[in-house]
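Working notes for the structure below.
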Amino acid sequence: MMTTVTSRDIQEIVSKLSSDKAKIREEGIKLLNTWLGGERSINFCKFLSRKTAKVKPDEIPGSETWPFLITLLIDCTNKEISASKRRLPKVMYAKTLRIVVQRALDSKDSGDNLPLIAVVKPLFNHIWDVLKDVPSLHSEYSVILRHILASRDYCFHMRKRTYSGLVHLYMDKVEPSVMEEDSCHSNHPKEEVFRYILTLHSLIENSPGDFPDHLREKAVGFFIEIFKSVREVGRISRKLIECLNTYLLKDGPNLGCHQSLDIHKSVMRFVFDNWHIADRDLKEAFILYMKLQLHLIRVNENEDEQQDKDKDGIPLVEQLFEVLSKELDQCSGLSFSVSRSDTSKDEKFGALASSHRSLLELAALVFYRVCVGVTKRPLAEKRARRENAASYLKEQLTGGKWSWHAAFCHLCHSYRTRLPKDLFGYWFDGICSSLDRIVSDANVEHSYDGLLWTLRSLHHLFLLLLPLMSTEKGSLKSSSMPNKISRGWQTVWSCLVHGFPKFSNISSVADAAFRLLGDLVSHDILNMTEVPQDVWDLQCFRCISSPSALYFISCYFSRRGSQGDLRDNLYLRQNILRGVMSIINTGETLMLDEHVVTLLPAAMYAICVGVSFFKGHRGGFTSYCNVDTAGKAADYIGIIYGDQQTHEDSDEHFDCFVNVLAEININAQDKGPLSWNSRGMRLPRQLRDPLLNEMENCILHNLVDRKTEK
């Protein structure tokens, strides 16, 4: 049975800690520690937490609360320090204060989220005074400081002078310790150095406000000097790069152009020397650092000036372009190969781990910066630089490697409005010219990840280039562009339709092809040829359960024109109708999500009547084309991370330039009302009547007697 705590027990501790005699205060510390250890601590902490929670904001905490107890411990520690001029102060006071602060912050059932709010300001001041003047207590007080910094609400009660002093103090501790560590003549244990950096990181992460100028200069100089010494990869260097990233996130926008570049000159050797040997966590830190630096380098206005100051003459963007190109070339083993008979791994195609997302985002940002170039460069030099980068990217895309297309998808997704459309048309032309070979290579090598990502790239390009098909005057620099794009999509249609038997057994690839083909049909931009009969005879049309296949069918069979003569057309539509109705015919429980509910009747009416009806936002079937194999709505960037959060342009940390702000439109969201829409042509009665009759009979026989819960 746990010991009951009474007010008398608390008052006995308070009485001893309040004594003027050092011996009695020491007894009070020992008594308090007996209550803080073992099972007795549970009821002891609950008692103090309940009393603390009852204190109103304008009241002074009573003697049976956490703030009062901490105030007493601060006073006891100060008296111990004053009395120990010729000896080291006893550590037991600092340890007890650390335990009390930790117990107070860990209390879960008090209902008070900020139990130390009444004492946090004098506690910060006390911590600063001890750290400044009593080196022997640094270890305990650093832990206390980190505990309090973990709550940002407490940080706002720290005086600016106290905060600046603490940052200065820990930077002055870390810098010589790291330099000694690197020189193999260290007088500081590695664990102690790591704790210094850990505390400094907490201070930077929880700054109560903007960095004052003197502290900013100190921070910049600190990071420049520290990374001149860091060479080896380890937990200390990893924590230092995390510390730098946190500082750049907090204060980076306030740095001058030369300051961020001076930091990079010191850091870049460590980053690039260890880029290919870094573990996952360190690589993530490197990638975040590069993103931050790219956004801090204001290319629109100042990159020329910065490059002039770079003694090596190698701009950061071009360095990264070279490094990331090698990284993407070497990417392998992230996706899966499959034999013709093995479809168990099919859903893994294109599903990248979230750890690769940041690399692809960085690659997209670098490709964007390289292609845009610098506005102040001479026109000829600027054009040559962009054309070289664009040509290199085109060459890689035509190779069909999944990693390059994955990065390209992120480029399209994040920077679609900032790059000229003719550049996307240039890349599209390259992909079209190699699509047939990419399909064939996937079939020969039984590795379909490159094909899948190529199809995803084409989907992004379809959305980007669709406006260029407009005949409005002034919409294009070259009048030949619409015709060239149309021929490209005609090539895509032909390659996919005739190549469908080569990948139809890989559902993720087939779904991507269905979505793209459905888009091409629904926007009437093709002189569409008929789908060969051997394609319709594939297994994927005998039992249709994919929303993407339903989307394609609803688009294809509601297009203008017919499939051969009446008899052939009827035979084809009957077979496809039976494949669509297999969703209902299955003996399993009927699972109808929102996409199947919309697309199933659309497909059935497209087959039977030649007209597709659907309910959705204005914009047609495109709102239903982006569904994965499980039928969940997602764009191509979102679905590749499985259950992870969809892409949110997280790399745009400091992108507040005029050209970016100009793109913000608070009314950009689709607020169109739900409405019924239709497209297509009406089939002649000779086709319509038997098809409708077969559909009705199927529904009656399979649904009338079905027991449904809802």
Could you tell me how the ring of Phe272 sits relative to the ring of His264: parallel (under 30°), tilted (30 to 60°) or perpendicular (over 60°)?
perpendicular
For Ser142, check side-chain contact (heavy atoms from CB on, under 4.5 Å) against everything at least two apart and list the hits.
Leu131, Arg146, Tyr170, Thr199
What verdict does the side-chain hydrogen bond (donor to acceptor under 3.5 Å, both in side chains) test give for Glu64 and Ser7, after you've listed the backbone C-alpha separation in whole Å, the side-chain angles of each residue and the deciding distance to 0.1 Å?
CA-CA 7 Å; Glu64 298 175 359; Ser7 295; 3.0 Å; yes
Which atom pairs, donor and acceptor, lie under 3.5 Å between side-chain atoms of residues 31-38 and protein residues at least two apart or in another chain?
residue : atom : partner : partner atom : Å
Asn33   : ND2  : Ile29   : O            : 3.0
Asn33   : ND2  : Thr96   : OG1          : 3.1
Thr34   : OG1  : Leu31   : O            : 2.4

Not counting sequence neighbours, which residues clear ring pair (Phe, Tyr, Trp, His ring centres under 6.0 Å) with Phe223? List them please.
Tyr247
For His126 and Tyr141, run ring-ring contact (aromatic ring centres under 6.0 Å, His included): C-alpha distance rounded to whole Å, both residues' side-chain angles, the deciding distance at 0.1 Å, then the answer.
CA-CA 10 Å; His126 172 68; Tyr141 271 78; 5.3 Å; yes
Where do Ile148 and Leu123 land on the side chain to side chain contact (heavy atoms under 4.5 Å, CB included) test, with the steps shown first?
CA-CA 9 Å; Ile148 305 175; Leu123 180 56; 3.1 Å; yes
Ring pair (Phe, Tyr, Trp, His ring centres under 6.0 Å) contacts in which one or both residues fall within residues 51-106, not counting sequence neighbours:
none
All salt bridge (charged side-chain N to carboxylate O under 4.0 Å, His left out) counterparts of Glu12, not counting sequence neighbours
none
Pick out which of Leu200, Thr246, Leu149 makes a side-chain contact (heavy atoms from CB on, under 4.5 Å) with Glu205.
Thr246
Could you label the plane-to-plane angle of the His214 and His168 rings as parallel, tilted or perpendicular, counting under 30° as parallel and over 60° as perpendicular?
parallel
What's the separation between atom CZ in Phe286 and atom OG in Ser358, rounded to the nearest 0.5 Å?
13.0 Å
Are any of the side-chain heavy atoms of Lys132 and Asp129 separated by less than 4.5 Å?
yes
With sequence neighbours excluded, what pairs up with Phe194 under the ring pair (Phe, Tyr, Trp, His ring centres under 6.0 Å) test?
none
